[in-house]
Asker: 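Have a look at the structure that comes next, please.
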Amino acid sequence: MSLLPTMIELLARARVDLRMGLPVVIQDETSAVLAIAVESLTTERLIEMRTLGNPILALTARRAQTLKANVYDDDICRVIVPDGRPLGWIQSLADPSDDLRSPMKGPLQSQRSGRPNLAQLAIAMTKSARLLPSALLVTINNPSDFAASNGLTLLDHASTTPLLDESSPLHPVAAARLPIEASQAGRLHIFRPEDGNEEHYAIEIGQPDRNKPVLSRLHSACFTGDVLGSLKCDCGPQLQGALAQMGEEGTGVLLYLNQEGRGIGLANKMRAYSLQDQGFDTVEANHRLGFEDDERDFRLGSAILKELGFSSVRLLTNNPNKIAMMESTGIAVAEHVPLKVGLNPFNENYLATKAAKSGHML
Ligand SMILES: Nc1nc2c(ncn2[C@@H]2O[C@H](COP(=O)(O)OP(=O)(O)OP(=O)(O)O)[C@@H](O)[C@H]2O)c(=O)[nH]1
Ligand SMILES: [Zn+2]
């Protein structure tokens with residue numbers, strides 16, 4: 001066994017580097033860039049980056065739409081950063097918080113030439129670091145030497161990209177009896193993914209028969225709704241309602257996936273809430289930030305169910321994507337059990353948007 005880090009380990013390291021404001025080196029067969037997350041960029045590092053070449057700002061096509069920048073590649077946009085533009089200007093392209101106050105950032109010139117693949121990987125890395133989806137890039141030569149002499153993480157495009165698209169294997173870490181209000185016969189299981197990302201949980205109620213469809217819920221973490229009792233969404237009542245139903249029936253499994261804010265993280269969700277305060281709906285807010293409507297990986301849920309020995313569920317949800325994902329990953333949905341709870345005057349529009357734009361059966 002080698003002590004050299006594997007690609008999975010390098011990806012985990014790169015996520016932390018980007019969050020800390022440290023650049024990473026990304027290479028493919030023909031070229032290489034130094035990439036730094038715009039959210040954690042400092043003036044000092046921007047000056048350093050500029051000594052190496054002219055920076056390019058990578059944004060998602062979603063964000064480019066708001067900025068009215070030309071998109072020449074499917075999903076991303078590479079904006080040429082003119083000389084002398086300060087850090088604040090670069091960050092205002094990535095962060096929509098002052099879009100209303102100063103909507104005109106341009107004219108913006110997008111890069112058309114060259115392959116977008118390194119920029120795409122940089123964007124994917126900022127998403128997986130739960131930062132704003134944007135990176136500043138400069139082209140460099142001799143990537144291996146550059147990374148080694150500066151102590152930077154080096155990512156290889158061909159070997160890392162497939163890993164980012166895959167769902168990481170999960171392993172059970174610990175489990176213990178946990179009596180809860182809904183049922184004294186509760187048991188909490190912790191699962192840890194191999195990619196160093198967040199752990200996910202399963203709350204098993206009673207002793208469900210592994211040969212029958214189990215009453216199940218795939219719940220995504222919502223700190224504001226689950227913990228604080230936010231009225232802006234329906235998550236808290238859905239969590240409590242699902243557990244209560246499992247308690248009444250005597251058996252069930254609630255999967256608690258740490259995919260806060262539909263996978264964009266709590267900080268970005270609060271950025272989305274701030275845009276919602278300006279009048280945008282939940283989908284529009286995600287798009288203005290540069291995210292897709294939903295960035296979650298539901299495959300983790302079926303992986304946990306299989307690990308626990310289940311192959312069929314009665315799924316508590318209003319989200320058809322969850323049902324489709326279960327079926328496509330080998331967990332049969334024997335019954336769709338609607339979970340319509342928690343409507344209040346503050347989340348009326350939120351629920352209406354889910355029905356209109358996200359296909360929820362409400
Ligand atoms: N980005 C974003 N995430 C939100 C918002 N409101 C709630 N969330 C997150 O959305 C997730 C819950 O997803 P929902 O779409 O409400 O419901 P669902 O889980 O897809 O579907 P159901 O099974 O029917 O409840 C949680 O991770 C919440 O943190 C919002 O306005 N913006
Ligand atoms: Zn919520």
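As the structure lists them, so they are numbered: ligands from 1, and atoms in each ligand from 1. All heavy atoms count here, side chains included; hydrogens, waters and symmetry mates do not.
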Asker: Can you tell if the side chain of Ile140 reaches within under 4.5 Å of the side chain of Val25, non-hydrogen atoms only?
Answerer: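 In short, these two side chains touch, coming nearer than 4.5 Å.
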
Asker: Should Asn54 and Val81 count as side-chain neighbours, where that means a heavy-atom distance under 4.5 Å?
Answerer: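 Asn54 does not reach Val81 side chain to side chain.
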
Asker: Check whether any side-chain heavy atom of Leu121 lies under 4.5 Å from a side-chain heavy atom of Leu118, and answer yes or no.
Answerer: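 With C-beta onward as the side chain, the pair stays apart.
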
Asker: At a heavy-atom distance under 4.0 Å, which protein residues reach ligand 1? Sort them by chain and number, would you?
Answerer: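 Contacts of ligand 1 under 4.0 Å: Arg217, Ser220, Ala221, Cys222, Asp234, Cys235, Gln238, Gln259, Glu260, Gly261, Arg262, Ile264, Lys269, Tyr273, Gln276, Thr282, Asn286, Arg296, Thr317, Asn318, Asn319, Lys322, Tyr350, Lys354, His360.
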
Asker: Scan side-chain atoms only and decide if Thr282 and Lys357 contain a donor-acceptor pair under the 3.5 Å cut-off.
Answerer: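 Checked: Thr282/Lys357 side chains show no N/O donor-acceptor pair below 3.5 Å.
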
Asker: Looking just at side-chain N and O atoms, do Gln120 and Asp75 make a donor-acceptor pair shorter than 3.5 Å?
Answerer: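 Note: Gln120 and Asp75 side chains meet the donor-acceptor criterion.
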
Asker: Indicate whether any N or O donor in one side chain lies under 3.5 Å from an N or O acceptor in the other, for Glu204 and His189.
Answerer: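 Yes.
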
Asker: Salt bridge or not for Asp234 and Lys340, using N-O below 4.0 Å?
Answerer: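 So Asp234 does not pair with Lys340 through a salt bridge.
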
Asker: Under 2.8 Å from the Zn ion (ligand 2), how many protein N/O/S atoms do you get? Just the number, please.
Answerer: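 Every protein N, O or S atom under 2.8 Å from the Zn ion (ligand 2) counted, the figure is 3.
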
Asker: Got Leu164 and Asp195 here, is their nearest side-chain heavy-atom distance under 4.5 Å?
Answerer: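 Not in contact.
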
Asker: Would Lys127 count as a cation-pi partner of Phe291, with NZ or CZ less than 6.0 Å from the six-membered ring centre and within 45° of the ring normal?
Answerer: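 Lys127 over Phe291 ring: no.
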
